[in-house]
Every structure is written in C-alpha cells, then in structure tokens.
Amino acid sequence: MTVVLPDGSERSLQSGATGMTLAAALGRRLAAKAVAAEVDGELVDLGRRLEDRAKVRIVTADTEEGRAVLRHSTAHVMAQAVLALWPGAKFAIGPSIRDGFYYDFELPGGAHFSEEDLGRIEAKMREIVADAQPFLREEHSVSEGLELFRDQPYKREIIEGVASASGAGVAGGAAKVDAELEGEAGSGGAVSAYRNTESFVDLCRGPHVPATDRLGHFKLTRVAGAYWRGDEKRQQLQRIYGTAWESEKALADHLQRLADAEKRDHRKLGAELDLFSFPSEIGSGLAVFHPKGGLVRLLMEDYARKRHIKAGYDFVNSPHITKSELFETSGHLEWFAEGMFPPMELDEGQRYYLKPMNCPFHILVYRSRQRSYRELPLRFFEFGSVYRYEKSGVVHGLTRVRGMTQDDAHIFCTREQLSAELISILTFVLDLLRDYGLDEFYLELSTRPEGKAIGSPEDWEEATAALRSAGELMDLALVLDEGGGAFYGPKISVQARDAIGRTWQLSTIQVDFQEPQRFGLEYVGADNQRHVPIMIHRALFGSVERFFGVLVEHYAGAFPTWLAPVQVRVLPVRDDNEDYAAEVLAELRRAGLRVDTESAGEPLGTRVRRGKLEKLPYILVVGAEDVAGRTVGVNVRGGEGAQRGVSLQSFIEMVVEEAAGPARRPNASAVGRRA
RNA sequence: GCCCGGGUAGCUCAGCCGGUAGAGCAGCGCACUCGUAAUGCGCAGGUCAGGAGUUCGAGUCUCCUCCCGGGCUCCA
C-alpha cells in the first residue's frame with residue numbers, strides 16, 4: 001500500500017501500517033516527536049491503521065496541534081491520578097486549552113481540592129507516566145457507554161447529549177450538543193473511550209499520545225471552582241488547571257513567560273511606581289490616582305483632547321447622577337439594572353441613579369434645540385465618569401472597576417452618512433491608539449444578542465452590515481462574535497496586542513437606531529421633513545483607567561518620554577555640585593521638561609539605582625568636570641553605561657523633540673489580514 | 001453572585017502545638033562628599049483588616065463583615 005505525504009510524495013508501506021510505523025520509516029527523530037497523525041484531514045491516534053492512498057501528516061509535539069494532543073493526554077493522566085487518590089470521585093470534562101489543560105471533578109462528600117493537594121496529584125501522575133501505560137481506544141454503542149460509565153453521572157450526561165444530537169434514540173437529552181462536549185465523546189451515534197488500565201477508562205474522542213511515557217513535562221498550576229457546563233445554575237465542580245509542554249525547556253520557558261508577565265502586572269507596578277492605589281476604605285473597584293499616575297492620566301487625556309478637536313468633535317459635559325426617568329426612557333433600567341448601583345431615594349420618593357453610561361446625557365444635549373441636517377454629523381465628546389455595579393468576583397485592578405472615566409463620544413448622523421462616519425471613526429481610533437504605542441490590532445464584530453435586544457431585525461441587519469463593511473476596509477483581521485452586541489445595537493471592537501502578545505479589548509464602536517427613537521430625536525432634512533438621526537457610540541480607550549493599566553503593562557512601567565511623569569532627573573555628584581545641578585534643572589524646566597533632582601546625601605550609585613528602578617527616561621549626572629563646559633553625563637533608560645561630557649544644549653534639544661508627542665511609527669504592522 | 005486561597009510595619013515576608021510581635025527594604029536623624037544599579041550607625045514605625053465568640057490567656061481556634069488574589073459566571 002502507499003500513502004501520500006504532505007509534500008505530495010508517496011510512500012510505500014506494508015499493509016497494516018500505522019501512523020507510528022510511517023513516522024518510524026520517515027526518521028527516528030520524527031518518530032520520537034510524533035504524537036498523532038492527520039489522516040485525510042482528521043486527527044487520529046498514531047496507532048490507527050492507515051488506508052491505501054490516505055493522505056497522512058505526522059503531528060509532532062512541538063506544534064500547537066501536537067501540544068494540544070499531549071495536553072489532553074496529560075489531562076487524562078491527571079484524572080486517573082485524582083480518581084486513584086479520591087475513590088468515588090466523579091470526573092466531568094478535561095480539555096486542552098491555551099498553554100495547558102484542565103479537568104473538572106466532583107469529590108466524594110463535597111470535598112474540595114486545596115493547593116497542597118496539587119503536589120500529591122502530580123506525584124501520582126508521575127507514577128502513571130513512569131508506568132508507560134498505553135492509551136487504548138475503544139468504541140462502544142451508546143448503551144454500552146452508559147453501562148461502562150454507570151457510576152459517572154457527568155460522563156453519562158455527555159453520552160446522552162451526543163446520542164440525542166445524532167439521533168441515536170436516547171430520550172430526554174438536549175437537542176443540541178455543544179462542540180466542547182462532542183470533543184469529549186465522539187459523534188455519530190457511537191462513543192469512544194480510552195483505556196489506560198483495567199480500572200481507568202475515560203470517555204474521549206481522542207486522539208491521544210501512544211502511551212503515558214510520552215508525557216511528563218507538566219505542572220499543575222491552580223485549583224478553582226467551575227460550573228458544570230458553564231452554567232451558574234448548575235453544580236459547581238472542582239477544577240484543576242495545569243500546563244504541559246513537549247520538553248523540559250519549553251515548560252521552563254513558559255513558566256518564565258508567566259513570571260515576566262507578572263513583573264509587568266499594572267497592579268504591582270502601580271504600587272511600586274506610586275501611580276495609583278485602591279484604598280479599601282473607598283470600596284472595591286474604586287481607584288485613587290497618586291500624583292505621578294494623575295500626571296500620566298492628564299497627559300493621556302490632553303493628547304486625546306487635542307486630537308478630538310482636530311477631528312471635529314464638540315466637547316460636552318454631564319453630571320454623575322440623574323433621576324430615574326432618564327434611564328427608564330433609555331431602557332437601561334429595563335435591560336441593565338443589575339449592572340447599576342441601587343438608587344438613592346430623595347425627597348418625595350424621587351429616585352436618583354449614578355450613571356452607568358453617558359449616552360442619555362449626550363442625547364439630551366442633542367435634543368436641547370432643534371437640529372438641522374446641515375449640522376450633522378454632530379460629534380459629542382466627554383471624559384465621562386460612570387459607575388457600574390460589577391459583581392464582587394469580577395473586579396480586577398484597573399481593568400475591571402466600579403467607577404471609571406470613559407473617553408466617550410456619541411455621533412449623530414443621517415443614514416446616508418453612517419458608512420462614511422464609521423470608516424472615519426475607525427481610522428481615527430486606530431490612528432490614535434498607534435500614537436499611544438500600540439500597533440497590532442484585530443477587529444471583532446459583535447452581533448445581535450438573541451433575546452436581549454431591542455429594535456427591529458432590519459435595523460440590526462443594516463447596522464451590522466455597515467459596521468462589517470467599515471471593518472473590512474481597515475486591512476485588519478475581522479472576527480465574528482455572534483450574539484455579543486449590546487441590547488441596543490451591534491458593535492465593532494478593536495482588540496490590541498501588547499508588547500508580550502496579550503490582547504486587550506479597547507475601543508468599541510456601536511451603531512444605535514434605538515435610543516434616538518426612544519428619546520424622539522430628530523433633525524429637519526433638506527426636504528423640510530423631520531427625520532430620526534442614527535447614533536454611534538464610541539469609546540476609544542474604553543475607559544481611561546483600563547487603558548492606563550494596559551499601557552503600564554505594555555511598557556512594563558517605562559512610559560515613553562512624552563508620557564513619563566518625570567522625564568529627566570539631575571544628580572549632582574557631590575554636594576558642592578548642587579549649584580550647577582540647580583542651574584541644569586532650571587534650564588531643563590525652562591525648556592518645558594518634567595524634571596527633578598536628588599541631592600548628594602547618598603552615594604551616587606544609590607541614587608542612580610533608584611532612578612533606574614523608577615524607570616526614568618534620563619538620569620543626568622553632573623560633577624565638577626561638567627561645570628566649565630556646561631556639559632552633563634547622560635544615562636539613558638535601557639542603555640548600557642553612561643555618556644560623559646554631553647553638551648547640555650544638545651541634550652535639551654534632543655529630549656524636547658522626543659517629549660513633544662508620540663513617535664510616529666511608519667512601519668506599524670497589522671495582524672495578518674483575514675475576513 | 002459562586003468555589004478555593006489570602007489580609008501581620010509604607011513594601012516584601014517570618015511568626016511552631018494558643019502564652020502577649022520580628023527581619024529586610026523604604027522612612028526619619030547623624031556621620032560619610034562620592035562620576036553611574038544598594039555607605040555606615042542609630043531611631044521611629046503595629047487596634048496582627050474590622051467585629052463578635054471560645055479560653056485564665058487569641059496574630060494563632062470558631063463565626064460574621066470588609067478588602068485582595070486565582071478561577072467560574074458576567075462584561076450593556
């Protein structure tokens with residue numbers, strides 16, 4: 001028999017050959033790295049027999065596909081270990097995920113895992129790995145499967161779901177089986193399982209590595225609660241997360257990446273660099289900004305203001321609280337009440353709410369007088385503070401807070417203007433984000449949330465189409481987020497990738513046909529008739545707080561010169577250089593730079609070190625040798641050593657230019673283009 | 001909101017089986033006067049998150065509340 005390899009060449013094999021024999025025939029190193037095979041487009045076990053003329057690709061452990069296989073297999077081993085250590089435990093699902101895997105369990109007597117258990121489980125897992133147990137595939141009918149897992153209710157539920165989805169005739173199952181569960185069991189009326197020993201068998205579609213000794217570079221990372229099938233109304237299970245890699249080095253590299261990401265954590269840097277804090281007296285999710293953080297915010301906001309003026313926005317302002325009527329009209333109290341702080345009862349039963357959004361206020365500005373088509377589009381902008389009652393478990397640093405300031409704009413335009421306006425907003429948004437140093441993006445299109453939407457399907461259709469075509473013009477990948485829109489309209493969000501490859505949802509642009517109608521907005525058209533405008537909601541940073549946090553992590557706290565709270569620190573070598581240092585300081589300040597100094601009370605090395613730890617862009621050292629020639633010693637952030645005898649004038653010219661504003665990045669790259 | 005783990009000096013953390021609080025860094029003072037990532041000595045600093053309970057005695061054990069972290073759910 002022959003098989004066809006990925007490069008189109010053919011290979012003769014003895015009949016009965018498997019992926020494993022093919023890999024061995026192709027090379028010993030390949031065989032050592034092989035974890036599965038792709039046969040005619042389907043991922044299968046290496047032990048699966050190959051058919052004549054099959055197209056075969058060997059999947060190795062050092063690819064994302066291969067890692068997914070070995071992570072899934074490692075999850076099985078973990079389940080085997082847990083079931084051995086906790087007799088009577090029930091196990092649910094255990095997929096591979098980005099960088100690792102998890103498995104969900106229910107322990108006998110409602111017991112819970114603790115962090116200390118992880119070591120015991122890992123030790124048991126290593127025994128299983130050392131045992132080199134084969135992963136043997138079995139196929140069963142639905143009824144055999146139900147019998148095989150008679151003591152495992154979660155497995156039975158999965159089997160029933162698969163069976164009913166494929167019409168195999170088990171009554172009472174859900175009509176629809178989700179892909180996650182299907183991945184656990186297989187499909188098409190039969191269920192597959194993998195057996196490692198007489199006593200351990202797990203429902204699974206596979207594929208798996210040939211045997212447990214192909215695993216071993218793993219670490220269990222944390223325990224957590226997780227709802228069965230992701231439904232908070234159902235049983236809460238105990239989840240264990242782990243990571244697994246193809247080699248000890250890959251595992252170590254991954255752990256190092258985690259440690260590096262931890263060093264960039266904005267919550268940690270926020271305290272270290274004295275930027276902001278969350279005093280517990282104020283309450284969860286409510287930040288105060290310290291002078292340095294406050295200054296960075298100011299700089300961020302000022303630059304955005306300038307750009308908005310240039311882009312034709314009008315600046316408006318609105319209060320933080322309002323009578324309930326406003327949010328009754330807007331629909332927030334009907335659709336979003338659980339995200340709002342409870343009302344304050346004032347005189348005569350009047351209820352006031354903290355605002356969770358700015359849009360109704362901007363609508364009232366629009367409605368304050370009659371509008372003509374000649375004015376449109378009208379673009380109202382505000383740094384508007386909003387308050388949202390986020391559930392206690394979700395607040396997180398500056399990225400998920402209960403009080404925040406949105407850089408919020410609402411654009412009122414005609415239907416005819418909608419497309420052009422969306423394109424111009426998206427272009428503006430991306431351009432501005434690039435100025436803050438982010439340069440890799442993709443777009444996400446969120447569509448109508450079933451059952452949680454107001455307005456006609458036709459309007460949703462039109463709005464979604466307009467967003468889609470604007471998005472497609474941006475030369476960026478556009479991914480679909482089915483049902484992820486707001487209750488009043490679809491949106492496009494801009495996802496930005498930071499310096500270490502994580503993505504953050506930043507800007508959102510939403511089309512809204514509903515609110516203008518609810519508030520009875522209108523303009524007089526050229527035809528002398530009254531028309532309802534369309535509104536576009538647009539936040540660019542998302543929230544100032546969140547964007548601030550993202551920038552702290554992106555730059556690891558080392559803000560570019562134009563955003564750095566202190567740009568230059570001047571250090572006199574000895575205290576008899578302090579007069580000259582003061583002169584240098586004054587001159588820098590006259591040039592408009594943000595500067596400070598530290599007198600010579602401590603050794604120079606100590607002061608330089610402190611400046612480095614504060615991630616200052618420049619540290620100047622001035623001593624006796626600098627006075628005559630009016631020079632400085634320049635210590636550049638991130639640079640090696642120092643440059644001596646630099647003329648103060650040329651240093652000032654250089655830094656002033658750098659501090660003037662964002663560096664334009666002509667080579668800003670887009671994430672690969674895709675529809 | 002749910003599950004798990006936490007909260008000890010400004011920060012990072014130690015504090016055993018319940019016997020009355022400790023280090024390093026930071027801060028302040030003094031000395032040192034120094035050319036590029038930690039000078040020395042000294043001093044001060046605590047309602048052990050808050051409250052209640054058990055106990056002769058609670059940082060330590062129990063309960064409640066607040067806050068933080070990791071997840072789940074949620075994110076208009």
Side-chain angles (χ1 to χ4, degrees), chain A residues 102 104 110-117 221-241 262 265 267-268 271-272 274 277-286 330-332 334-340 356-357 359 386 388-397 399-401 446 449 452-454 484-489 491 493 505 508 510 512 537 542-543 546 571-578 599-614 619-626 632-636 639-645:
Chain A
Y102 66 80
D104 287 346
H112 301 291
F113 292 118
S114 70
E115 300 277 337
E116 291 81 67
D117 292 329
T221 49
R222 54 177 73 91
V223 299
Y227 300 103
W228 169 231
R229 303 188 66 170
D231 183 346
E232 67 179 319
K233 290 181 194 67
R234 303 187 72 163
Q235 174 78 24
Q236 186 160 42
L237 303 173
Q238 291 286 301
R239 175 171 297 179
I240 299 178
Y241 283 92
E262 214 170 301
D265 191 315
R267 296 165 300 182
K268 192 176 160 67
E272 280 172 12
D274 197 13
S277 60
F278 287 92
S280 60
E281 292 85 342
I282 301 177
S284 183
L286 298 166
S330 69
H332 285 93
E334 187 180 347
W335 296 94
F336 189 61
E338 65 176 30
M340 295 168 65
M357 290 191 196
C359 35
V386 298
R388 299 181 181 182
Y389 186 70
E390 300 286 358
K391 287 192 202 171
S392 65
V394 308
V395 297
H396 179 92
T399 61
R400 193 80 182 268
V401 291
S446 302
K452 280 202 296 183
I454 53 178
F487 69 85
Y488 51 74
K491 70 176 177 191
S493 55
Q505 180 183 310
T508 58
Q510 297 176 291
D512 184 353
H537 304 240
S543 83
R546 179 179 161 83
L571 301 179
V573 174
R574 309 191 332 180
D575 59 11
D576 49 2
N577 309 126
E578 281 180 10
S599 61
E602 288 164 296
L604 182 62
T606 305
R607 289 175 286 148
V608 168
R609 176 170 192 271
R610 186 158 40 233
K612 293 283 187 185
L613 291 176
E614 287 177 44
I619 300 167
L620 297 188
V621 172
V622 296
E625 295 167 27
D626 291 303
V632 291
V634 181
N635 202 317
V636 184
E640 289 277 312
Q643 217 184 330
R644 296 279 301 272

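Order of the sequence lines sets the chain letters (A, B, ...), proteins ahead of strands, with each chain counted from 1. Since the structure is predicted, the reported quantities are computational estimates derived from the model, not experimental observations.
Scanning atom types as modelled, one donor and one acceptor separated by under 3.5 angstrom connect the side chain of A:Q236 and the base of B:rC2. For A:Y227 against B:rG1, a side-chain-to-base donor-acceptor contact under 3.5 Å is present. The base of B:rC74 sits within donor-acceptor range of the side chain of A:R400, with an N or O pair under 3.5 Å.
Here A:R222 contributes atom CZ and A:Y102 contributes atom OH; the two are 13.5 Å apart, rounded to the nearest 0.5 Å. Within the model, atoms CZ of A:R229 and CG of A:D104 stand 12.5 Å from one another, a figure rounded to the nearest 0.5 Å.
Taking atom CG on A:L604 and atom P on B:rU33, their separation rounds to 15 Å, with Å as the unit. Atom CD1 in A:I240 sits about 13 Å away from atom P in B:rG5, given to the nearest Å. For A:D575 and B:rA31, the CG to C1' distance is 13 Å, given to the nearest whole Å. Atoms CD (A:Q235) and C1' (B:rU73) sit 15 Å apart, rounded to a whole Å. If you measure from atom CZ of A:R607 to atom C1' of B:rC32, you get 12 Å, rounded to the nearest angstrom.
Contact annotation for A:G645: no contact, since no heavy-atom pair falls under 4.0 Å across all strands. Among the protein residues, A:Q238 comes within range of the sugar-phosphate backbone only, with heavy atoms under 4.0 Å from sugar or phosphate atoms but none that close to a base. Using a 4.0 Å heavy-atom criterion, one finds that A:A624 contacts the bases of the nucleic acid, with or without backbone contacts as well. Residue-level contact check: A:D576 touches neither bases nor backbone, having no heavy atom under 4.0 Å from any strand. No contact: A:L237 has no heavy atom under 4.0 Å from any strand. Within the 4.0 angstrom heavy-atom criterion, no nucleotide atom of any strand lies near A:G331. At the heavy-atom level, A:G393 lies under 4.0 Å from base atoms of the strands shown. Using a 4.0 Å heavy-atom cutoff across all strands shown, A:F278 reaches no nucleic acid atom at all. Looking at heavy-atom distances under 4.0 Å, A:G641 makes no contact with the nucleic acid at all.
Both distances falling under 3.5 Å, in either a Watson-Crick or a G-U wobble arrangement, occur for no nucleotide opposite B:rG45. When both distances must be under 3.5 Å, the Watson-Crick or G-U wobble mate of B:rG10 is B:rC25. Nucleotide B:rU60: unpaired (no Watson-Crick or G-U wobble partner with both distances less than 3.5 Å). Of the nucleotides present, none pairs with B:rC74 by Watson-Crick or G-U wobble criteria with both distances under 3.5 Å. Of all nucleotides present, none satisfies the Watson-Crick or G-U wobble test against B:rU33 with each distance under 3.5 Å.
Taking 4.5 Å as the limit, some side-chain heavy atom of A:D265 sits within range of a side-chain heavy atom of A:R267.
Nucleotides B:rA52 and B:rC17, compared at atom P, are 27 Å apart to the nearest Å. Taking atom P in both B:rU73 and B:rU55, the straight-line distance is 45 Å, to the nearest Å. Atom name P, nucleotides B:rC16 and B:rC72: the rounded distance is 34 Å, in whole Å. Nucleotides B:rU8 and B:rU54 are separated by 27 Å at their P atoms, to the nearest Å. Distance noted for atom P between B:rU20 and B:rA58: 12 Å (whole Å). For B:rU60 and B:rG22, the C1' atoms lie 15 Å apart once the distance is rounded to whole Å. When the P atom is compared between B:rG69 and B:rG51, the two are found 24 Å apart, to the nearest whole Å. Separation of the C1' atoms belonging to B:rA23 and B:rC30 is 23 Å when rounded to the nearest angstrom.
No donor-acceptor pair closer than 3.5 Å links the side chain of A:E578 to the backbone N or O of A:P572. No donor-acceptor pair under 3.5 Å is formed between the side chain of A:R607 and the backbone N or O of A:G601.
Residue A:H396 places at least one side-chain N or O under 4.0 Å from the OP1 or OP2 atom of B:rG70. Note on A:S392: a side-chain N or O is less than 4.0 Å away from OP1 or OP2 of B:rG1. Of the side-chain N and O atoms in A:T221, none sit less than 4.0 angstrom from OP1 or OP2 of B:rG70. Contact between the side-chain N/O atoms of A:Y389 and the OP1/OP2 oxygens of B:rC74 is not found at any separation under 4.0 Å. The phosphate of B:rC11 has neither OP1 nor OP2 within less than 4.0 Å of any side-chain N or O from A:R267.
Applying the side-chain contact (heavy atoms from CB on, under 4.5 Å) test between A:V621 and each of A:N635, A:L604, A:V632 identifies A:L604 as the sole match.
Using a 90° window around 0 for the glycosidic torsion, B:rC64 falls outside it and is classed as anti.
Toward the 5′ end of RNA chain B lies the nearest nucleotide of A:K268, the other residue of the pair A:K268 and A:Q510 mapping further downstream. Of the two residues contacting RNA chain B, namely A:R609 and A:G485, the nearest-nucleotide position lying further toward the 5' end is that of A:R609.
At most 12 heavy atoms of other shown residues, nucleotides or ligands fall within 6.0 angstrom of atom NZ in A:K268.
Between A:Y488 and A:H537, the ring planes lie parallel to each other; the angle is under 30°, not in the 30° to 60° tilted range.
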